[in-house]
Amino acid sequence: MAQDREKAGGEGRRKLIDTARQLFTLRGVAHVGINEVTAEAGVARMTLYNNFPSKEALTEAVYREMAEKALARLDEVIASETTEEKRISGLFSHFGRNAGSPSYRGCSFIHASLQEADPKGKLQAIVQTYKKALRQRIFAMLDGKRRNRALLADQITILLDGAVTEAYIKGVDDPLAAARQAAITLARV
């Protein structure tokens, strides 16, 4: 009987995280209420509070999981390419894969960061940790012998953030292609 409750709690937790992720990335954390999350997930409000003491705790769990999954997928992309230039190109292709979909909103972590009321809050810390890990992966994918490796990793990270944001805003025809080409050009210098 205890195992049944644990299994049901795990299923409820999974539904809550998945539903919250969809709603948060579509509309933003500030524009989604707990009642909507539980209704969309098809779980009782008590299931929420049995798994998360607050909306903030749910939000943190959602963004931690998103960061882990995003970095794991990026690791696979980077590992599949054999040259630095192909890894750079693959990076931009990876982050642009959903740019044309109607639900695309750019970088979920940038959006979350802008909604965090406290610049030293837990959600902001999750975003900063993710962005630092992203930059570390970009650094690692670059040729270890290049003298400007740290600077190039910073430049590519900035180009990537700008490109995914611009892909949402749509002020530029093909921002990911433009940023990809700029990063490749920088790498050749």
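Bear in mind that the values here come from a model prediction, so they are computed numbers and not experimental data. Position 1 is the first residue of the sequence, and the numbers go up from there.
- For K120, the NZ atom counts as loosely surrounded, since its 6.0 Å shell holds 12 or fewer non-hydrogen atoms of other residues, nucleotides or ligands.
- Of the charged side-chain nitrogens involved, at least one lies within less than 4.0 Å of a carboxylate oxygen, so that D154 and R135 count as a salt-bridged pair.
- Shortest non-hydrogen contact noted between V77 and G90 is CG1-O, 3.6 Å.
- Put simply, the side chain of R27 reaches to within 4.5 Å of the side chain of E36, judged on heavy atoms.
- Taking every heavy atom of both residues into account, A61 and I17 meet most closely at CB-CD1, 4.4 Å.
- Counting non-hydrogen atoms of neighbouring residues, nucleotides and ligands closer than 6.0 angstrom, the NZ atom of K122 reaches no more than 12 such neighbours.
- Summarising the local packing, NZ of K86 is surrounded by 12 or fewer heavy atoms from other residues, nucleotides or ligands at distances under 6.0 Å.
- Two residues are said to be in side-chain contact when any heavy atoms from C-beta on lie closer than 4.5 Å; L159 and L186 meet this criterion.
- The distance from atom CG of L26 to atom CZ of R21, rounded to the nearest 0.5 Å, is 11.5 Å.
- Aromatic ring orientation, F24 versus Y63: parallel (interplanar angle below 30°, classes split at 30° and 60°).
- Atom CG of residue L123 and atom OG1 of residue T59 lie 7.0 Å apart, to the nearest 0.5 angstrom.
- With rounding to the nearest 0.5 angstrom, the CE atom of M66 is 12.0 Å from the CD atom of E68.
- Within the 4.5 Å cutoff, side-chain heavy atoms of R45 are placed close to those of N35.
- Here the shortest heavy-atom pairing between I156 and A183 reads CG1-CB, 3.9 Å.
- Within a 6.0 Å sphere centred on CG of D118, other residues, nucleotides and ligands contribute more than 12 heavy atoms.
- M141 and I78 make their closest contact through CB-CG2, 3.8 Å (heavy atoms, listed as atom of the first residue, atom of the second, distance).
- Taking a cutoff of 4.0 Å between a charged side-chain nitrogen and a carboxylate oxygen, E84 and R149 do not qualify as a salt bridge.
- Aromatic ring orientation, F109 versus Y130: parallel (interplanar angle below 30°, classes split at 30° and 60°).
- For the pair F92 and A179, the tightest heavy-atom approach, listed with the atom from each and the gap, is CE2-CB, 3.5 Å.
- A distance of 12.5 Å separates OG1 in T129 from CG in L134, rounded to the nearest 0.5 Å.
- Annotation: side chain of L91 is not in contact with side chain of H94 (no heavy-atom distance under 4.5 Å).
- Residues Q155 and N148 are not in side-chain contact: their nearest non-hydrogen atoms beyond the backbone lie 4.5 Å or more apart.
- Counting heavy atoms from C-beta outward, Y49 and I34 have side chains that approach closer than 4.5 Å.
- With a 4.5 Å cut-off on side-chain heavy atoms, L16 and T47 count as touching.
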**OP:** Tell me, with the steps shown, if R180 and S93 meet side-chain hydrogen bond (donor to acceptor under 3.5 Å, both in side chains).
**Re:** CA-CA 8 Å; R180 176 188 301 114; S93 295; 3.1 Å; yes

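- I110 places a side-chain heavy atom less than 4.5 Å from the side chain of K131.
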